[in-house]
Amino acid sequence: MPHPPVDDTSLERPARLGPGARVGVVAPSSGIVEPSRLARGVAELERMGLEVVLGPHIREVRGYLAGEDRARAEDLLWALGDASLDGVWCARGGYGAQRTVAALQPGEIEAFAGRPAKVFVGFSDITVLHALISHRLGWMTFYGPAVTSLADRDPFTLDGVRRALFDGSPYAVTAHPDDPWITTLRPGTAEGPLAGGCLTLLSALAGTPLQVDFAGRIGFFEEVHEAAYAIDRALSQLLAAGCLDGCRGIVIGEHTDVPEEGPTLGLEQVFEDLLGPLGIPVCFYLPLGHGAHLATVPLGAPVQLDADAGTLSVLDSPVR
């Protein structure tokens with residue numbers, strides 16, 4: 001029997017990170033195929049003053065997965081449950097988080113309910129685990145760069161991590177100076193808790209106990225390596241399932257490496273066709289997702305979308 005979701009309109013904020021904080025690094029999805037990138041990302045976390053502890057199975061690779069399903073689940077349970085760890089950072093995305101969730105035994109995640117929230121960071125396929133932790137533990141989590149994404153030492157990305165997880169002040173996400181264009185698809189401003197993630201995974205969660213609820217919230221989504229028709233299909237699924245009913249505003253993040261083979265529609269046209277009828281503020285191309293410059297945003301935190309200015313403002317500190 002599915003567990004009733006925790007009320008995610010008032011998620012618990014984790015304690016901010018600082019020098020000496022310990023973070024566990026896990027790979028709940030695909031395996032580490034470039035160990036040097038993991039090493040460089042870990043070194044970047046250490047430069048931030050963090051003590052990094054690698055999960056026991058993090059170096060395992062089984063095809064497109066980071067080892068056996070149960071091994072990945074055990075690493076996740078270790079990182080969430082170890083009281084000496086202040087945070088959990090996912091090594092990469094890829095695929096496999098849904099299988100990791102399926103490998104959990106009943107009550108294993110719920111055993112951590114009532115414990116202080118930890119920082120949890122990841123993106124892409126980790127959308128599934130954001131939904132799991134939000135629904136089952138009531139923790140605010142952070143959609144941000146994986147450890148391997150930190151290997152390139154992009155200042156914009158690193159600054160975003162510090163602002164979200166270390167500083168403890170409200171902040172705004174705007175376009176990167178190298179990518180200054182923002183498209184306002186529907187004007188206006190709106191406020192509400194932030195919800196979202198990678199579009200393909202949001203679509204895959206529709207109709208499951210971990211379906212993401214956008215009612216009364218500001219939604220966002222992003223994607224990579226998907227053609228316009230596939231993005232159309234996933235977004236159409238969310239609409240048909242009623243997931244976007246009551247959504248107050250939508251931020252569309254980066255859609256990188258979009259194939260353009262054969263007859264196609266432009267992404268802006270897809271978004272106009274499908275989201276325009278909702279009659280809510282919508283803007284396109286904030287640095288959320290798989291691009292070179294990644295913002296870090298708190299899922300469940302109160303935010304304001306200004307679709308005209310192309311800004312997403314985090315209104316309260318996402319850490320305590």
Side-chain angles (χ1 to χ4, degrees), residues 29-31 33-34 63-65 90 92-99 122-131 143-146 148-149 152 157 175-176 178-186 195-208 210-212 214 219-244 247 249-278 280 282-295 297 307 310 312:
S29 299
S30 287
V33 294
E34 296 183 74
Y64 46 73
L65 300 167
C90 296
R92 62 164 299 189
Y95 172 75
Q98 288 168 292
R99 291 179 57 157
F123 80 139
S124 192
D125 193 57
I126 307 304
T127 296
V128 176
L129 300 185
H130 286 296
Y143 198 86
T148 53
S149 304
D152 299 324
T157 301
H176 186 273
D178 291 346
D179 300 308
W181 61 277
I182 293 286
T183 300
T184 302
L185 297 180
R186 286 292 180 271
C198 185
L199 179 59
T200 298
L201 276 305
L202 294 171
S203 172
L205 292 175
T208 76
L210 298 183
Q211 175 174 307
V212 176
F214 292 92
F220 84 91
F221 61 85
E222 53 89 14
E223 195 48 88
V224 63
H225 300 313
E226 295 287 357
Y229 76 86
I231 293 169
D232 187 319
R233 178 174 56 208
L235 193 52
S236 294
Q237 167 67 12
L238 289 180
L239 289 163
C243 296
L244 294 178
C247 185
I250 295 176
V251 179
I252 304 171
E254 295 180 333
H255 284 63
T256 55
D257 300 327
V258 177
E260 294 186 2
E261 299 178 1
T264 187
L265 292 174
L267 286 183
E268 287 186 30
Q269 188 62 63
V270 171
F271 299 142
E272 284 275 7
D273 290 351
L274 298 180
L275 300 178
L278 297 179
I280 58 178
V282 181
C283 73
F284 180 26
Y285 209 78
L286 278 178
L288 303 170
H290 287 78
H293 316 295
L294 289 75
V297 291
L312 181 69

| Side chain His130, main chain Gly122, donor-acceptor under 3.5 Å | yes
| query | Between Ala307 and Thr184, which heavy-atom pair has the shortest distance, and what is it? | reply | O-OG1, 2.6 Å
| Flag, side chain of Ser30 to backbone of Tyr95, donor-acceptor distance under 3.5 Å | yes
| message | Please check this pair: side chain of Glu223 against backbone of Thr200, looking for a donor-acceptor N/O pair closer than 3.5 Å. | response | yes
| message | Apply ring-ring contact (aromatic ring centres under 6.0 Å, His included) to residues Phe214 and Phe221 and explain how you reach the verdict. | response | CA-CA 11 Å; Phe214 292 92; Phe221 61 85; 8.6 Å; no
| task | State, yes or no, whether a side-chain contact exists between Ser149 and Phe123 at a heavy-atom distance under 4.5 Å. | result | yes
| request: Determine yes or no for a side-chain-to-main-chain donor-acceptor pair under 3.5 angstrom, with Thr183 supplying the side chain and Phe284 the backbone. | output: no
| message | Would you call the rings of His176 and His293 parallel, tilted or perpendicular, taking 30° and 60° as the class edges? | response | parallel
| Do Leu275 and Ile252 come within less than 4.5 Å of each other through their side chains, counting heavy atoms only? | yes
| Is a side-chain donor-acceptor pair under 3.5 Å present for Glu34 with Thr148? | no
| task | Quick one: pull up OG in Ser124 and CG in Leu199 and give me the separation to the nearest 0.5 Å. | result | 11.5 Å
| Just by distance, do the side chain of Tyr143 and the backbone of Leu288 share a donor-acceptor pair under 3.5 Å? | no
| task | Mark yes or no for whether Arg92, through its side chain, and Gly31, through its backbone, hold a donor-acceptor pair below 3.5 Å. | result | yes
| query | Hey, does the side chain of Ser29 reach the backbone of Gly94 with a donor-acceptor pair shorter than 3.5 angstrom? | reply | no
| remark: When rounded to the nearest 0.5 Å, the distance separating OG1 of Thr127 from CG of Leu202 is 5.5 Å
| task | Could you tell me whether a side-chain N or O of Thr157 sits under 3.5 Å from a main-chain N or O of Leu294, the two making a donor and an acceptor? | result | yes
| field | Check: Glu222/His290 side-chain N/O donor and acceptor closer than 3.5 Å | value | yes
| note | Between the CD atom in Glu272 and the CG atom in Leu185, the distance rounded to the nearest 0.5 Å is 5.0 Å
| request: For Leu265, check side chain to side chain contact (heavy atoms under 4.5 Å, CB included) against everything at least two apart and list the hits. | output: Gln269, Val270, Asp273
| message | So does Gly96 get a backbone contact from the side chain of Asp125, meaning a donor-acceptor N/O pair under 3.5 Å? | response | yes
With a 3.5 Å cut-off and sequence neighbours excluded, list the donor-acceptor pairs that the side chains of residues 228-240 form with protein atoms.
{"residue": "Asp232", "atom": "OD1", "partner": "Ser236", "partner atom": "OG", "Å": "3.1"}
{"residue": "Ser236", "atom": "OG", "partner": "Asp232", "partner atom": "O", "Å": "2.8"}

| request: Take Arg99 and Leu65, measure what side-chain contact (heavy atoms from CB on, under 4.5 Å) needs, and give me the verdict at the end. | output: CA-CA 10 Å; Arg99 291 179 57 157; Leu65 300 167; 3.7 Å; yes
| Distance, nearest 0.5 Å, that separates CG of Leu286 from CG of Leu312 | 6.5 Å
| Which heavy atom in Gly310 sits nearest to a heavy atom in Cys283, and how many Å separate them? | CA-SG, 4.4 Å
| task | State, yes or no, whether a side-chain contact exists between Gln98 and Leu210 at a heavy-atom distance under 4.5 Å. | result | no
